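Predicted model only: the values in this text are computed from it and were never measured. In this chain, residues are counted from 1 in sequence order.
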Amino acid sequence: MTHEELSKKIADLVEEYIENFDRFDSNPQIRVNPALDRVTLVNGSDMLEEIEDSDEAVEDAAAADGAETEDASDYQASQNPDFYPVKKLLKTEGSGKTVPDKTAIKKIADQY
């Protein structure tokens, strides 16, 4: 996914949140999985579950012995998504309308 495609996808998801904010909990997140080129909009509770599952998988792999388990641990770590709070990607225009903050979104896309 190119930088421009990623920026557009994130902006579209932020716009989706703006239009449907009542469908999300108080901590909506943009979930970026760079290994799979996937970007999604999730609730904060989903983020916490994923972090717990990832930590458990890494701990299980670390408890085992051998190079194969080390490879499995490295693979699991590469699959761990990054999360960004949607509310930090919002900007209020002078008219009072809330829009995606393109500068904040660009900073995220710049990381990939």
*Residues two or more places apart in sequence or in another chain: which of them pass ring pair (Phe, Tyr, Trp, His ring centres under 6.0 Å) with F83?*
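Listed in chain order: nothing, the list is empty.
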*A104 and L89: which non-hydrogen atoms are nearest, and at how many Å?*
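Smallest interatomic distance, heavy atoms only, reads CB-CD2, 3.7 Å.
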*Which heavy atom in V39 sits nearest to a heavy atom in I10, and how many Å separate them?*
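Nearest pair, atom of V39 first, then I10: CG1-CG1, 3.9 Å.
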*Step by step, work out the side chain to side chain contact (heavy atoms under 4.5 Å, CB included) result for D82 and N33.*
CA-CA 6 Å; D82 299 321; N33 185 325; over 6 Å; no
Can you tell me how far the [atom1] atom of [X] sits from the [atom2] atom of [Y], to the nearest 0.5 Å?
X	Y	atom1	atom2	result
Y17	L41	OH	CG	9.0 Å
H3	K8	NE2	NZ	15.0 Å
N27	L48	CG	CG	7.5 Å
I105	K88	CD1	NZ	14.5 Å

*Provide the full list of salt bridge (charged side-chain N to carboxylate O under 4.0 Å, His left out) pairs with a residue in residues 93-112, sequence neighbours left out, each pair given once.*
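The answer is K106-D110.
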_Are K91 and P100 packed together at the side-chain level, in the sense that at least one heavy-atom pair is separated by less than 4.5 angstrom?_
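Contact flag for K91/P100 side chains = no.
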*Under 4.5 Å between any side-chain heavy atoms of F24 and Q29, yes or no?*
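Sidechains of Q29 and F24: no contact.
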Is the backbone N or O of [Y] less than 3.5 Å from a side-chain atom of [X], with the two atoms forming a donor-acceptor pair by type?
X	Y	value
N20	R23	no
D37	M1	yes
D25	S45	yes
E16	L13	no

*Honestly curious: do V86 and V32 fall in one hydrophobic cluster under the side-chain, below-4.5 Å linking rule?*
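Yes, V86 connects to V32 through the hydrophobic network.
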_Between I108 and I30, is the side chain to side chain contact (heavy atoms under 4.5 Å, CB included) condition met? List the steps._
CA-CA 10 Å; I108 293 172; I30 297 292; 5.8 Å; no
*Between L90 and T92, does a side chain to side chain contact (heavy atoms under 4.5 Å, CB included) hold up when you go through it step by step?*
CA-CA 7 Å; L90 302 174; T92 304; over 6 Å; no
*asked:* Tell me if the OH atom of Y112 is crowded by more than 12 foreign heavy atoms within 6.0 Å.
replied: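 Buried by this count: over 12 neighbours within 6.0 Å.
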